[in-house]
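Structure record follows, encoded as structure tokens.
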Number of protein chains: 2
Amino acid sequence: MTEKEPAAPPGLEAHLGYCLRRVSNHVSAAFARSLQQQHVSVAEWVVLSQAAVRPEVRPAELADRLGLTRGAVSKVLDKLEGKKWIVRRTMADDNRVQLLSLTRQGQRVLPQLAEIAGRNDERFFGCLDAQEQDTLRRLLLKLSEFHCIRDVPVE
Amino acid sequence: MTEKEPAAPPGLEAHLGYCLRRVSNHVSAAFARSLQQQHVSVAEWVVLSQAAVRPEVRPAELADRLGLTRGAVSKVLDKLEGKKWIVRRTMADDNRVQLLSLTRQGQRVLPQLAEIAGRNDERFFGCLDAQEQDTLRRLLLKLSEFHCIRDVPVE
DNA sequence: TATTGTTATACTCTATAACTATA
DNA sequence: TATAGTTATAGAGTATAACAATA
């Protein structure tokens, strides 16, 4: 018996990164489909969530935090503004800067979207018991912290 | 004190799916960048790996397995054939069908790409000890099996 | 000049569906 | 008619870089 080759997994499954991606893509795709039924993209959900958590956030800060260009953020904001979920206000001191905030409608919609995310989580991770879920979360957080992953994933 | 709100995580981090995606996107992006330095896309790496594991595989089977359309697979094959890493042979019994196989050059390149994947894994998951890595793999496999995830992720 | 946000353009990846050829 | 693979077209999403307004 060799030590290195498990013989069964035919190459790709040997890589942890591959296993992670396979599972992650599956959950994310399901989530994206659920959102899409409400005509919401993942980027919109992430931007809306971030704007809710950081009142008066600026587009530039969102771009940094999300790992997108300002142009890309600008377009997402166009969509969210079109839905009347956020408003862009010009800062009094510096007219170049925009301050973002959720409208009442945006505040009402956010928990509905969060519930979609919650249901998606439940459906997918429900096959793990509480302790396993905890372990998984702990390992993911350890990886996040070790590598200083602060970016909010959009794609 | 409320029971539901952990107060600290501001919304997004409450979702396991979100944590998973954040970590997965980070590893995958790093991997994609490493591959790109060799002018190889993730889709090309996946298709090449699959063709190596299943000699004489047909494009249609790859499309099913990868969750892509046949048209998309056709284009990836064009690229791989252009690099002389695979060849398409017409099946003798049925001229509609193609049988794929790696060229000698493709066979030589594959382990080099696998090493890139390996190094990427090591760099990223190295902060977990052997047991933690094992636990993570076990949890991911459990999720894969429970949800019958067979698709090989491409994006 | 430097900075914030917008826009014009192009690129990549993928799907849909029409198409060719074989069966 | 049905099937395997290709190709034409279109759409989503993003980046790059030129741009306007402001500082």
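Quick caveat: nothing in here was measured; it's all calculated off a predicted structure. Labels below follow one simple rule: chain letters A, B, ... track the order of the sequence lines, proteins then strands, and each chain is numbered from 1.
- The side chain of B/Arg96 lies closest to C/dT22, out of C/dT22, C/dC13, C/dA15.
- Each of C/dG5, C/dA15, D/dT6 was ranked by its minimum atom distance to the side chain of A/Pro59; first place goes to C/dG5.
- Judged by distance alone with a 3.5 Å cut-off, no donor-acceptor contact links the side chain of A/Arg70 to the base of C/dT4.
- Whole-Å rounding puts the A/Lys75 NZ to D/dG11 P distance at 15 Å.
- The existence of a salt bridge linking B/Asp78 and B/Arg88 is confirmed by a sub-4.0 Å separation between a basic side-chain nitrogen and an acidic carboxylate oxygen.
- Residue A/Asp94 has its side chain nearest to D/dA23 when only D/dG5, C/dC13, D/dA23 are considered.
- Checking C/dT4, D/dA15, D/dG5 against the side-chain heavy atoms of A/Leu68 singles out D/dA15 as nearest.
- You'll find the side chain of A/Val76 stays beyond 4.5 Å of the side chain of A/Lys79, heavy atoms only.
- Atom-to-atom, CZ of B/Arg58 to C1' of C/dA23 comes out at 13 Å; the value is rounded to the nearest Å.
- To the nearest angstrom, P of D/dA12 lies 12 Å from CD of A/Glu44.
- Considering only side-chain atoms of B/Asn95, the nucleotide from C/dT22, C/dT4, D/dT22 that sits closest is C/dT22.
- Listed candidates were D/dG13, C/dT16, C/dT6. Nearest to the side chain of A/Lys79 is D/dG13.
- In terms of position on DNA chain D, the residue among A/Met91 and A/Gln36 whose nearest nucleotide sits closer to the 5' end is A/Gln36.
- Note on A/Leu102 and A/Val87: separate hydrophobic clusters, where clusters join Ile, Leu, Val, Met, Phe, Trp and Tyr whose side-chain heavy atoms are under 4.5 Å apart, directly or indirectly.
- A salt bridge does not link A/Glu132 with A/Arg137: none of the charged nitrogens is closer than 4.0 Å to a carboxylate oxygen.
- In this entry the distance linking CZ of B/Arg33 with C1' of C/dT12 reads 17 Å, nearest Å.
- A straight line from NE2 of B/His39 to P of C/dT12 spans 13 Å, rounded to a whole angstrom.
- Other residues, nucleotides and ligands place no more than 12 heavy atoms under 6.0 Å from the CD atom of B/Glu122.
- Rounding to whole angstrom units, CG of residue A/Asp93 and P of C/dT4 are separated by 14 Å.
- Taking 4.0 angstrom as the limit, B/Arg89 places none of its side-chain polar atoms (N or O) nearer than this to OP1 or OP2 of D/dG5.
- Rounded to whole Å, the distance from CG on B/Leu80 to P on D/dT6 is 13 Å.
- Taking atom CG of residue A/Leu77 and atom P of nucleotide C/dT4, one finds them 15 Å apart after rounding to whole Å.
- Between A/Thr69 and D/dA15 there is a side-chain N or O to OP1 or OP2 distance below 4.0 Å.
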